[in-house]
Asker: 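The structure that follows is given in the form of structure tokens.
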Amino acid sequence: MTTELIVAGFGGQGVLLFGKFLALSGLKEGKEVVWIPSYGPEMRGGTCNCTVVVSEDPIGSPIIDSPNTVVVMNKPSLAKFGPRVSPDGLLLINSSLIDTTSDRTDIRIETVPANDIALELGNGKAANMVALGAYVALTKVVKFDTILDVVKENFAKKKEFLDLNIRAVKKGYELAS
Amino acid sequence: MAKVLMKGNEALAEGAIRAGCKLFFGYPITPQSEIPEYLSRRLPEVGGCYLQAESEVAASNMLYGAAGVGERVFTSSSSPGISLMAEGLSYIAGAQLPVVVLNMVRGGPGLGGILPAQSDYLQATKGLGHGDFRLLVLAPSTVQEAADLIVDAFDLADKYRNPVMILGDGMLGQMMEPVEFKDRPKSKDLPPKTWAATGLVPGKKKSIINSLYLDPLELEANSWELKAKYDAMARDELRWEQFNCEGEYDVLIVAYGSMARICKTTIELLKKRGVSVGLFRPITVFPYPYKQLSDAAQKAKMVFCVEMSTGQMLDDVKIALEGSRPIHFYGRTGGIVPSPEEVLRQVERIRNGEEVDKVWER
Amino acid sequence: MGKVVFKRPKSLADVPTHYCPGCPHGIVHRIIAQCIDDLGIQQRTVGIAPVGCSVLAYNYFNCDFFEASHGRAPAVATGAKRARPDLIIFAYQGDGDLASIGTAEIVHACNRGEKITVIFINNTVYGMTGGQMAPTTMPGQVTTTTPYGRDVNSIGWPIRVCELLSSLKTEAFIARVSMHSAREIVNAEKVIKKAFELQIANRCFTFVEVLSSCSTNWGMTPVEAQKWIEKEMVPYYPLGVFKSPNGDESKN
Ligand SMILES: Cc1ncc(C[n+]2csc(CCOP(=O)(O)OP(=O)(O)O)c2C)c(N)n1
């Protein structure tokens, strides 16, 4: 089983961290993982994305034309990556910032109001963690406990954000389960 | 040690430290700045020295100094910076000093771009700088392999008293993968550095670190001495990987570094369609595994060289095959990385007797 | 920002720049373009862009331009000026470009008295590559390659380029201005114009250092960054005219 993911949004929405946490969780479960960011002049202010592959087998290409899962956090990302989801794949849309959807019928489309939920929890910045929780619930690529551990470990030094982010992944997970 | 998730750049930097290197001289440049940034934090922790040089010209000459007094020393840069280091590297090779240099290649020529490319292959393998010299060049294709090869690179540099280059590309540097730093016993059979200029103490011969030979016979002797080292490397240090080459295949892909791992996925995709294609991946690109490639190619009807350049390693593939098999080439460059599906479409075309799709002509 | 840009100089291209919000590169570009307009030299001016954040400066000016390799702009300028002395040549360089990798080129261009104008943007960091240490980084300043702060015992003190170049005997115009307030920006325009006038008169090598900021890599708001220039940089990098062929030096 190989899960390929492109997660995309504005710079500053935390999509790289979303991807990194997924990769760390895969690693924790003894799987093969690779994470690769888009890098370059477009990084500042513009759109930003990363690709993550989690697999039971050794991973070849980190460059994926048609990933089997895509998470889009803003509208330009939907336009860019929506068409690239592989048939039968999953497209997860952040409905707080995207009021449209994809017209594709050959894929599964899910939504999560990630920013709204994060704001309810006290800080819009945690939208990426809400989306991550939902993503894990929908794909089951890693166990929920694993992702929770990764969040805890990575925010251990930033105590002021720890609780917020834990609640954010939990909420995202519950909503999508 | 447990596996940790690291960027290729960081793994290489940590690998250098694990290899006992305590000295880094360099100059910031994308896409390898994580290396100096990592080492500026990490080297002081192990009592080492990180120094940001005023330029790559200066950095390469700082390497000359540090290597000349017998210490393990490392630098990393990317294409335009490596061109500036050509001066120091030529002196280092001429004076027969061990150093490790990393090139995280970006698109060129000139200022080019900052995205991954393989367009410095000829520069790296055919003598980087003036004079009759070569670097030993290793081309990793995963983060783990990068972390392992850089440790070997220091040993090989010491063994041959020659600069060793790790040839990566922006993708390898930016990519995160699990890495394990293996505790390796220190190589015992490395010769002591009696040649180092560490002071004329009683019982020691005077050391002169030098590449100047005004007597043509002496200069010629030095050049043949270098050549003998390169021949020894070609005999003893060749490394390569074959993938899906056990059974039958009618196409053999030849690719190195990041491009090779992309081709592995192409091969897996082709397998699902019942098409068997082999991959030959040189790991040492100087010296080049000519014979091994030629042997692997004999099972195939045709050879397909894929690069992120307009055709540089292609020259070595031609040398290896000596006209014995038709060679097809597909290259994207300037920072464009071909996807597995893109390569697959080309394999299908050449199997059908068509030419590769020249997408770049659009 | 202090000064109202009431009208775009015709030597400035009407395109959005890639600079971060609050970056002074845009202001300095406008000042230079205004001088080119005022002096009526647009048709014979050739600019030289460096490697650094202003690498794309050739897109932002309406005049001919080169893009030089890292640090070599004064050498490129020398070549162009020696080949075509009738042209007005200006090089635009950052502190990494000019005071690190290009130290030799700037010192020798100045020492030969090349009749060119060099605008030197000192923002204390390597902006483009992500905020590494520059030769002008302040003592103790944290950058991505000085995680423990710049240690002057190990890498020396920040280089004061104006003072260094002023020590050369060859006649030259050498001045330092700042971007930290509206008043200083108005003054910067006067000084830069003066430099171009001296080049037009074929008088001497002309050099203007501009104390600037990089709020992105400093991790500050543009307003905090302006204050930081005034409080931290100006005391170490005094403003004024360090050397002038007219003997009208003025330091403050
Ligand atoms: C030979 C070479 N080495 C390194 C680089 C990478 N590089 C690009 S811009 C830059 C630093 C520019 O800093 P500065 O001159 O201070 O200008 P700023 O970006 O702050 O405006 C470096 C090191 C390069 N392009 N060429």
Side-chain angles (χ1 to χ4, degrees), chain A residues 1-2 4-7 15-44 48-68 81 83-87 142 146-147 149-150 153-154, chain B residues 2-9 30-34 104 106-107 113-116 141-145 170-180 241 243-244 253 255 258-271 279 281 308 332 335-345:
Chain A
M1 212 356 238
T2 298
E4 305 130 350
L5 162 72
I6 289 182
V7 48
V15 300
L16 298 185
L17 200 66
F18 179 124
K20 186 176 171 184
F21 281 8
L22 183 68
L24 283 168
S25 305
L27 173 62
K28 239 187 202 322
E29 294 185 0
K31 299 187 166 88
E32 300 287 343
V33 297
V34 62
W35 172 97
I36 186 165
S38 62
Y39 75 99
E42 81 272 23
M43 260 171 64
R44 290 230 170 105
C48 169
N49 71 80
C50 68
T51 304
V52 180
V53 184
V54 180
S55 180
E56 313 289 339
D57 304 311
I59 297 167
S61 178
I63 303 294
I64 310 286
D65 262 359
S66 313
N68 50 28
F81 297 105
R84 281 176 51 181
V85 184
S86 68
V142 291
T146 317
I147 202 98
D149 285 347
V150 167
E153 285 164 19
N154 282 271
Chain B
K3 287 190 178 176
V4 285
L5 192 67
M6 268 184 143
K7 275 194 173 188
N9 279 336
T30 311
Q32 62 78 55
S33 289
E34 290 85 0
M104 270 307 164
R106 59 190 236 178
I114 58 173
L115 296 173
S141 97
T142 66
V143 174
Q144 180 67 59
E145 190 178 31
M171 201 159 95
L172 179 74
Q174 297 301 321
M175 185 163 75
M176 281 205 276
E177 283 188 303
V179 218
E180 186 180 2
E241 182 196 353
F243 179 75
N244 205 38
I253 297 181
S258 293
M259 199 56 244
R261 60 183 294 161
I262 293 170
C263 291
K264 281 186 180 175
T265 300
T266 303
I267 289 171
E268 295 293 356
L269 293 172
L270 282 162
K271 255 191 213 167
L279 171 75
R281 175 173 77 93
M308 291 191 275
R332 300 301 303 272
I336 295 172
V337 182
S339 69
E341 291 82 358
E342 187 177 342
V343 178
L344 183 143
R345 284 192 294 275

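Throughout, protein chains are lettered first and strands after them, A, B, ... in sequence-line order, and every chain is numbered starting at 1. Atoms considered below: every heavy atom in the structure, side chains included; atoms not considered: hydrogens, waters and symmetry mates.
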Asker: For the interface with chain A, which of B/Ile267, B/Val337, B/Thr265, B/Ile262 has the highest count of heavy-atom pairs at distances below 4.5 Å?
Answerer: B/Ile262
Asker: For residues B/Arg261 and A/Pro62, report the shortest heavy-atom separation together with the two atoms involved.
Answerer: NE-CD, 3.7 Å
Asker: Would you please go through residues 22-30 of chain A and name the residues with a non-hydrogen atom below 4.5 Å from one of chain B, in numerical order?
Answerer: A/Ala23, A/Leu24, A/Leu27
Asker: Should we say atom NZ of A/Lys20 is surrounded by more than 12 heavy atoms from elsewhere, each under 6.0 Å from it?
Answerer: no
Asker: Within a strict 4.5 Å, meaning less than it, do heavy atoms of the B/Met171 and A/Ile63 side chains meet?
Answerer: yes
Asker: Which pair of heavy atoms, one from A/Pro37 and one from B/Gln174, lies closest together, and at what distance?
Answerer: CD-O, 3.4 Å
Asker: Below 4.5 Å, heavy-atom pairs only: which of A/Thr51, A/Val33, A/Ile64, A/Ile59 has the largest tally toward chain B?
Answerer: A/Val33
Asker: Minimum heavy-atom separation for B/Glu341 and A/Ser66, please, with both atom names.
Answerer: OE2-N, 4.5 Å
